Amino acid sequence: TELGILAKSYIDQGRLIPDDIMTRLMLNELKGLDQYNWLLDGFPRTVAQAEALDKECQIDTVIDLDVPFETIKCRLTARWIHPASGRVYNLEFSPPKVQGIDDITGEPLVQRDDDKPETVTKRLQAYDAQTKPVLEYYREKGLLKSFSGTETNKIWPHIYAFLQTKLPDVSQKDAATPR
């Protein structure tokens, strides 16, 4: 969409998408989901976005994944993709059989512009500066639950157990399936 192209131009420059654009994108996606449980990842990132979301939706809980800056940077900068298929490799934990080459086609892998070290650093610094007030916003509302760690397989069981208290009828299979 035109809005999506505009959003991509910010991402490609290593900048966060402005509040008004991001909010319009997200609220558009949430229309018609009021009869479902849903989980947002990475939104809202600013207090303005949180306030706009609160006007449109009832938020039950906010989960904060407290992961060190360096851990995130290492994971993102180690990510390489095969553009034609969208296959994703990570040099740390899911590398291709031959460095720089797609396992299936033998074609070269590329690093997305937003995964390059300088871009990741810029995005993480902006994210950190804008997100701290959002965490405080939801903490004051009594909706924030934080989980700290560096490994998904160690954090996930705690998050899953917490979500079971909020959504007891969600099965492990359903929880593992992104929508």
Side-chain angles (χ1 to χ4, degrees), residues 3-31 33-34 36-79 88 90 92-93 111-167 170 175 178-179:
L3 202 53
I5 291 167
L6 182 58
K8 185 179 181 325
S9 72
Y10 285 92
I11 293 168
D12 289 346
Q13 296 171 45
R15 296 168 53 200
L16 295 178
I17 300 168
D19 286 340
D20 63 318
I21 296 170
M22 192 68 215
T23 301
R24 288 190 344 227
L25 280 168
M26 292 304 299
L27 293 179
N28 225 18
E29 290 297 315
L30 293 174
K31 284 182 184 163
L33 293 181
D34 52 342
Y36 299 102
N37 294 311
W38 40 263
L39 175 71
L40 299 177
D41 180 7
F43 181 86
R45 287 193 176 155
T46 68
V47 172
Q49 290 174 0
E51 290 170 343
L53 181 63
D54 283 349
K55 286 179 186 171
E56 299 294 324
C57 305
Q58 172 66 43
I59 305 301
D60 298 316
T61 192
V62 174
I63 296 173
D64 170 37
L65 300 179
D66 182 19
V67 179
F69 180 96
E70 281 306 311
T71 300
I72 297 169
K73 185 176 175 183
C74 286
R75 284 196 191 148
L76 291 176
T77 59
R79 186 167 57 181
V88 178
N90 189 291
E92 300 290 320
F93 56 85
Q111 189 172 44
R112 295 178 356 183
D113 286 340
D114 59 330
D115 287 344
K116 292 183 177 168
E118 59 281 357
T119 306
V120 169
T121 298
K122 243 169 105 172
R123 287 180 61 215
L124 287 173
Q125 288 169 340
Y127 174 83
D128 188 54
Q130 291 184 348
T131 302
K132 282 182 181 173
V134 175
L135 296 178
E136 190 54 37
Y137 174 84
Y138 285 116
R139 185 177 288 112
E140 288 174 6
K141 289 178 164 267
L143 299 175
L144 185 68
K145 177 73 173 167
S146 290
F147 298 90
S148 297
T150 59
E151 298 176 42
T152 303
N153 61 348
K154 290 182 180 175
I155 297 174
W156 173 244
H158 301 286
I159 296 169
Y160 180 73
F162 172 72
L163 287 175
Q164 285 292 81
T165 68
K166 298 289 184 177
L167 307 164
V170 174
R179 297 186 184 169

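These numbers were taken from a predicted model, which means no experiment stands behind them.
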- Task: Report the C-alpha distance between Lys166 and Asp60 in whole Å, list the side-chain angles of each, state the deciding distance to 0.1 Å, and finish with yes or no for salt bridge (charged side-chain N to carboxylate O under 4.0 Å, His left out).
- Result: CA-CA 8 Å; Lys166 298 289 184 177; Asp60 298 316; over 6 Å; no

- Rounded distance (nearest 0.5 Å) linking atom CG of Leu163 with atom NZ of Lys145: 11.0 Å

- Output yes when a side-chain donor or acceptor of Gln111 lies under 3.5 Å from a complementary backbone atom of Thr77, and no otherwise. yes

- Item | Salt-bridge present (Lys141, Asp54; N to O < 4.0 Å) | yes

- Query: Any side-chain heavy-atom pair from Leu3 and Asn28 closer than 4.5 angstrom?
  - Reply: no

- Message: Is there a side-chain contact between Ile17 and Met26 in this structure, where contact means two heavy atoms from C-beta onward sitting under 4.5 Å apart?
- Response: no

- Task: Supply the atom-to-atom distance Ser148 OG to His158 NE2, rounded to the nearest 0.5 angstrom.
- Result: 10.5 Å

- Query: Taking atom OG1 of Thr121 and atom NZ of Lys73, what is their separation to the nearest 0.5 Å?
  - Reply: 3.0 Å

- Distance from Leu65 atom CG to Ile72 atom CD1, nearest 0.5 Å? 8.5 Å

- Sequence neighbours excluded, every pair satisfying ring-ring contact (aromatic ring centres under 6.0 Å, His included) that has a member inside residues 128-151: Phe147-Phe162

- Query: Take atom CG in Asp128; do more than 12 heavy atoms of anything else shown fall under 6.0 Å from it?
  - Reply: yes

Pairs under 3.5 angstrom only: tabulate donor-acceptor contacts from the side chains of residues 45-53 to other protein residues two or more places apart or in another chain.
residue, atom, partner, partner atom, Å
Arg45, NE, Gly42, O, 2.9
Thr46, OG1, Asp19, OD1, 2.7
Thr46, OG1, Asp19, OD2, 3.2
Thr46, OG1, Gln49, N, 3.1
Gln49, OE1, Arg45, N, 2.7
Gln49, NE2, Asp19, OD1, 3.1

- Full working for side-chain contact (heavy atoms from CB on, under 4.5 Å) between Val134 and Val62: CA-CA 10 Å; Val134 175; Val62 174; over 6 Å; no

- Task: Check Arg79 against Asn90 and note the closest heavy-atom contact, atom names and distance.
- Result: N-ND2, 4.1 Å

- For Asp20, does its backbone N or O pair with a side-chain atom of Thr23 as donor and acceptor, under 3.5 Å? no

- Item | Of Asp115, Asp12, Asp114, the residue whose pairing with Arg123 passes salt bridge (Lys or Arg N to Asp or Glu O under 4.0 Å) | Asp114

- Nearest 0.5 Å, what's the CG-CD distance between Leu27 and Glu56? 5.5 Å

- Note on the structure: For Gln13, the side-chain hydrogen bond (donor to acceptor under 3.5 Å, both in side chains) test, sequence neighbours excluded, returns Arg15

- Supply the atom-to-atom distance Ile11 CD1 to Thr119 OG1, rounded to the nearest 0.5 angstrom. 11.5 Å

- Task: Write down the atom of Asn153, the atom of Pro157, and the distance for their closest heavy-atom approach.
- Result: O-CD, 3.2 Å

